[in-house]
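For reference, the structure is listed below as structure tokens.
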Amino acid sequence: QVQLVETGGGLVQAGGSLRLSCAASGLASGLTFSRYSMAWFRQAPGKEREFVGASTWGGGLLYTASVKGRFTISRDNAKNTVALQMNSLNPEDTAVYYCAAVNTIVVPRTTTGYPYWGQGTQVTVSS
């Protein structure tokens, strides 16, 4: 069973930066971390969980429009980790951020496409 653990959340002022990290363990036998597409989602209070971006199995990067140019996803396949660097944060970025994994090259943008989830980490941006 794949387990994902996010770290790095916290409180930051508007305009500041945070870096989230997600570490994966318990990967399926015969599969390396590079064979998982890794995504970041977020859920603000009272809202649905939304897609933020992803690092695909094939090495591609996808971002939702609202974070493009501000957020950067990177992965270290040797360490089984994926990171989300968030710059120019604004209060609308306040949410619980989740890491998700799927063993496909296709990257779903909906929560139902991911069987594996982390517990989430809170990001709060003050104005």
Side-chain angles (χ1 to χ4, degrees):
Q1 181 76 1
V2 176
Q3 295 181 329
L4 304 174
V5 178
E6 304 97 334
T7 55
L11 173 65
V12 64
Q13 288 187 333
S17 298
L18 276 176
R19 184 177 178 86
L20 307 183
S21 185
C22 172
S25 61
L27 303 181
S29 178
L31 290 177
T32 61
F33 183 70
S34 63
R35 298 298 291 271
Y36 287 83
S37 290
M38 302 297 298
W40 288 95
F41 284 75
R42 66 185 180 185
Q43 188 166 18
K47 295 187 176 181
E48 293 187 352
R49 196 171 297 187
E50 65 171 355
F51 177 84
V52 174
S55 169
T56 72
W57 171 352
L61 295 172
L62 304 172
Y63 300 97
T64 194
S66 62
V67 308
K68 199 171 291 186
R70 300 188 299 123
F71 290 12
T72 302
I73 294 173
S74 60
R75 66 191 293 163
D76 186 334
N77 289 331
K79 296 182 178 180
N80 291 0
T81 59
V82 61
L84 178 65
Q85 177 67 42
M86 304 184 293
N87 299 328
S88 302
L89 285 162
N90 58 63
E92 290 69 39
D93 295 315
T94 294
V96 177
Y97 283 71
Y98 297 89
C99 175
V102 62
N103 176 221
T104 65
I105 195 169
V106 176
V107 176
R109 294 186 180 234
T110 59
T111 58
T112 55
Y114 295 86
Y116 309 114
W117 290 86
Q119 82 288 351
T121 185
Q122 177 70 47
V123 171
T124 303
V125 184
S126 63
S127 57

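Residue numbers count from 1 along this sequence.
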Test of understanding: with side-chain hydrogen bond (donor to acceptor under 3.5 Å, both in side chains), list the residues that count as partners of Arg35, not counting sequence neighbours.
none
If only atom types and distance count, is the side chain of Arg19 paired as donor or acceptor with the main-chain N or O of Gln85 below 3.5 Å?
no
When every non-hydrogen atom of Ala44 is compared with those of Ala95, the smallest separation belongs to N-CB, 3.7 Å
Any donor and acceptor pair, going by atom type alone, linking the side chain of Ser37 with main-chain N or O of Thr104 inside 3.5 Å?
yes
dist Ser126:OG -> Asn90:CG (nearest 0.5 Å) comes out at 11.5 Å
Keeping the roles fixed (side chain from Thr64, backbone from Val52), state whether a donor-acceptor pair exists under 3.5 Å.
no
Beyond-backbone contact of Arg75 with Thr81, side-chain heavy atoms, under 4.5 angstrom:
no
Does the side chain of Ser17 come under 3.5 Å of the side chain of Asn87 through a donor N or O and an acceptor N or O?
yes
Are Tyr98 and Gln119 side-chain neighbours, meaning at least one heavy-atom pair lies under 4.5 Å?
no
Could you go through residues 105-112 and list every donor-acceptor pair under 3.5 Å that involves a side-chain atom there, pairing it with any protein atom two or more places apart or in another chain?
residue : atom : partner : partner atom : Å
Thr110  : OG1  : Thr112  : OG1          : 3.3

Test applied, side chain to side chain contact (heavy atoms under 4.5 Å, CB included); reference residue, Cys22; option that passes from Thr7, Leu4, Ile73, Thr121:
Leu4
In chain order, what residues pass the side chain to side chain contact (heavy atoms under 4.5 Å, CB included) check against Lys68, with sequence neighbours excluded?
Tyr63
Do Val5 and Tyr116 sit in the same hydrophobic cluster, where Ile, Leu, Val, Met, Phe, Trp and Tyr count as joined when their side-chain heavy atoms come under 4.5 Å apart?
no
Do any pairs count as a salt bridge (Lys or Arg N to Asp or Glu O under 4.0 Å) and have a residue in residues 1-14, sequence neighbours left out, and if so which ones?
none
Can you find a side-chain donor-acceptor pair between Glu92 and Thr94 that sits under 3.5 Å?
no
For the atom pair CH2 (Trp57) and CG (Leu31), what is the distance rounded to the nearest 0.5 Å?
7.5 Å
Using 0.5 Å steps for rounding, measure from the CG atom of Asp76 to the OG atom of Ser55.
11.0 Å
Pairs flagged by salt bridge (Lys or Arg N to Asp or Glu O under 4.0 Å) wherever residues 37-57 is involved - sequence neighbours left out
Arg42-Glu50, Arg42-Asp93
Pairwise ring pair (Phe, Tyr, Trp, His ring centres under 6.0 Å) hits with a residue in residues 30-54, at least two apart:
Phe41-Phe51, Phe41-Tyr114, Phe41-Trp117
Enter the distance from Leu27:CG to Gln3:CD here, rounded to the nearest 0.5 Å.
10.0 Å
Please tell me if the side chains of Thr56 and Leu62 come closer than 4.5 Å, counting only heavy atoms from C-beta onward.
yes
Side-chain contact, heavy-atom cut-off 4.5 Å: Ser25 with Val2?
no
Approximate separation, where rounding is to 0.5 Å, of Leu18 CG and Tyr97 OH
9.0 Å
I need the minimum non-hydrogen distance between Ala101 and Met38, along with the two atoms involved.
CB-SD, 3.5 Å
Please name the pair of heavy atoms, one in Val82 and one in Cys99, separated by the smallest distance, quoted to 0.1 Å.
CG1-SG, 4.0 Å
